[in-house]
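Scroll down for the structure; my scribbles are underneath it.
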Amino acid sequence: MKKIVLSTALGAAVAVAASTAGAATLDDIKAKGHVQCGVSQGLPGFSNTDDKGNWTGIDVDVCRAVAAAVFGDASKVKYTPLSAKERFTALQSGEIDILSRNTTWTMTRDTTLGLNFAGVNYYDGQGFMVRKDLGVKSALELGGAKVCTNTGTTTELNVADYFRANKLTYEIVAFEKADEVVQAYDTGRCDVYTTDASGLYAQRLKLAKPGDHMVLPEIISKEPLGPVVRQGDDQWFNLVKWTLFAMINAEELGVTSANIDDMKKSTNPAIKRLVGVEGNFGQNLGVSNEWAYNIVKQVGNYGEIFDANVGPKTPLGISRGVNALWSKGGLQYAPPVR
Amino acid sequence: MASITEKSDSEDTAKVALWNNPKARALVFQVLLIGLILWSGWYMYSNLQANLERQNIASGFGFLNTTAGFGIIQALVPYSETSTFGTVFIVGLLNTILVSVIGIFFATMLGFLLGISRLSHNWVISKLATVYIETLRNIPLLLQIFFWYFAVLRSVPGKRDKWSLLDSFHLNIMGFHAPKPIFEAGSSFVVYAVIAGIIASFFIKRWSTKRQMETGQTFPVLWTSLGLIIGIPLVVFFAMGMPMHLDYALFKDTGSRLRQGFQAGHGMVLIPEFLALLLALSMYTATFIAEIVRAGILAVSHGQTEAASALGLRSGMTLRLVVIPQALRVIIPPLTSQYLNLIKNSSLAVAIAYPDLVSVFAGTTLNQTGQAVEIIIMTMLVYLFLSLVTSMFMNWYNAHMALVDR
């Protein structure tokens, strides 16, 4: 562990000194032929390997969509699994091109780390999971609890704020890896496991008896999760940002991976612009005009990737809630392709 | 003839050009090397500064005064969520020192015991020591930490249950609970008595050595010192009316299920993260110390023991006065590197949530502030400092034990 920290930090120092001369990430990516994507070390529904060793998840699909936009081939992605505390250094040092690892957009991260958040692919909030036999119905009854969480996350700060604001005592046990948190909670070292609510549902699947545990109703924070890129490369920032917008716009316009070929013949000008029949939107991003077509065709629109990875029909069983489109009462909203 | 030789000699020194003079050349190369090192250091620093600025990454040490905002499970100095990152640094540093110092103590005790056992003539004892050493030395330390933390922790009782010894010491998944001594007015006299005992023992030792040199008479220094350091403070303790009481751990098995178990604020608790790390570190390092001790003892030639017994020394005295002092000269230098290893290995704490320096400072703080360069430099300097202090102490001890030429 020590070695990883030291090497990433030293790597940061050296790479910061060496790499940033050429800030054109897009050109570098085209030259090397793949997108290097920083993901988690295994969070079902967000970024996780399936039984064949392929990465899947809503965060993984963001990277695949970016690869589809750049190369017209969603498979041209290489993944770097990162712990919560390694992730920003890996991005700053140029080890990865894009960080898509359920990362909360906060002001400190946006302003002091030299990073830019390209949007929000999942609106989350922090919750608590407890054993059902504790008989606890609300987080306000958790005074005196032992709380397990990850180091280097916003959850560690939120839980401190929440217990302090409600004048409750607590003890925090903070682990480096999510798997260790789950294991410690499962052995009974902690009464409470806290992380983003989506993460709680995902990690509950890893417990010995998932049915013995419940997520409390309180959501104690705003956790907008989204892909992150380095500052100072607006072209690349725009590409990642608009990849996300393209998926949301596609859902709003009813364009799916199944019907996009028919949609190419659509008379709706908004759809024509999205699929690249009209205008030069792709070229202005530095990629082909087929960019959005490739994204939706190979990866899907936002609703499709949500349903496939975390939606009600998956083991996670999360409903759209605030992640529904703005037109359906949710928060997902994208500026128009125009 | 003589004058010719003289002349040629003086001509030689005068004629040699500056670039052919070995002394001048050596000086030039040394100056060049130092210049090169300084220049590369400066270049790396200025390059780093320029790049951090261009990437809009915050730099400087101002973050040490900002509020940390997160909790830490074990702090030896007052700490709360409103404390600063500077305090986090101190908390992490002290936790590292705590586990290192106690770990070094236990590793040394266990290591000496194992090393001597492996040389024992008793077949069972020597084979047991061999098996222990060969097994634990060859399993990676991180695995051993996980073993103690996850495997052993699973088998101890859960939160609402406990294993108890004498009704005062308890073990469960929340840690090891023991009574906490609370000192009252008057207990300072006991401390003074201990200090006075130590000083008196020092002088008795000097006096007895001097007397032995002059008259050959021996004096039971060990027993006298023990009496002075332990006995007299005990007498003082009772004379002051026992100015101390024990705060026992409080266990509840009624009320809401969340609140059952040991209650915070009663007794003393060693958290399981600390226990697992301490056990793994000391049991692992002890195997290396055992081998060093064995090597040290074997390095003392058998003739020394024979000579000692020929002079009429009993076997205990032979060990204490002849074998161990000579063995220590061989043992101390490699022992120092094992101590340094233990200190550095304590940073594996991060894997099991023990809040050491790497976990809370080079981990959480780094992530909350993003100032990797400053934080990693501070952390590296701390380990360097701890290692140098340990080395200095052990070098001093080594010089103290070294063979004195008479």
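All values derive from a computational prediction rather than experimental measurement. Throughout, a chain's letter reflects where its sequence line sits, starting with A, and its residues are numbered from 1.
Among the candidates A:T108, A:T169, A:V136, A:D133, the residue making the largest number of heavy-atom pairs closer than 4.5 Å to chain B is A:D133. When the candidates A:R189, A:E156, A:E171 are compared by the number of heavy-atom contacts under 4.5 Å with chain B, A:R189 comes out ahead. For the set B:G175, B:A68, B:G69, B:A349, the entry with the most heavy-atom pairs within less than 4.5 Å of chain A is B:G69. When each of B:Q74, B:Q49, B:E81 is scored by its heavy-atom pairs under 4.5 Å with chain A, the top score falls to B:E81. Residue with the most contacts toward chain B among A:V130, A:T151, A:D186, A:T112: A:T112 (heavy-atom pairs, distance under 4.5 Å). In terms of non-hydrogen atom pairs under 4.5 Å with chain A, the most contact-rich of B:I73, B:T379, B:I377 is B:I73.
Note: B:Y43 and B:W39 have parallel aromatic rings, judged against thresholds of 30 and 60 degrees for the angle between ring planes.
Using modelled atom types, one finds a donor on one side chain and an acceptor on the other under 3.5 Å when comparing A:H213 with A:Y185. Counting only N and O atoms by type, the side chains of A:S47 and A:S40 include a donor and acceptor under 3.5 Å apart. Side-chain contact, B:T82 with B:S80: a donor N or O sits under 3.5 Å from an acceptor N or O. Side chains of A:T194 and A:Q126: a donor on one and an acceptor on the other come within 3.5 Å. Judged purely by distance below 3.5 Å, without hydrogens or angles, the side chains of B:T87 and B:T84 pair a donor atom with an acceptor atom. Counted by atom type alone, A:Q41 and A:D179 present zero donor-acceptor pairs between their side chains at under 3.5 Å.
B:Y354 does not touch chain A: none of its heavy atoms, backbone or side chain, sits under 4.5 Å away. At a 4.5 Å heavy-atom cutoff, the contact between B:I72 and chain A is made by backbone atoms alone. Of the atoms belonging to B:E273, it is side-chain heavy atoms, and not backbone ones, that fall under 4.5 Å from chain A. Only the backbone of B:T369 has a heavy atom closer than 4.5 Å to any heavy atom of chain A. B:A50 does not touch chain A: none of its heavy atoms, backbone or side chain, sits under 4.5 Å away. Heavy atoms closer than 4.5 Å to chain B are found nowhere in A:R131, neither backbone nor side chain. Using a 4.5 Å cut-off between heavy atoms, A:F163 makes no contact with chain B at all. Both the backbone and the side chain of A:F175 come within contact range of chain B, each with at least one heavy atom under 4.5 Å from a heavy atom of that chain. If you measure heavy-atom distances from A:L115 to chain B, you find no contacts under 4.5 Å at all. The contact between A:Q183 and chain B is made by backbone and side chain atoms together, counting heavy-atom distances below 4.5 Å.
In this structure, A:K222 places its NZ atom where only 12 or fewer heavy-atom neighbours from other residues, nucleotides or ligands lie under 6.0 Å away. Residue B:F385 places its CZ atom among 12 or fewer non-hydrogen atoms of other residues, nucleotides or ligands, all under 6.0 Å distant.
Here the CH2-CG distance, from A:W236 to A:N116, works out to 13.5 Å after rounding to the nearest 0.5 Å.
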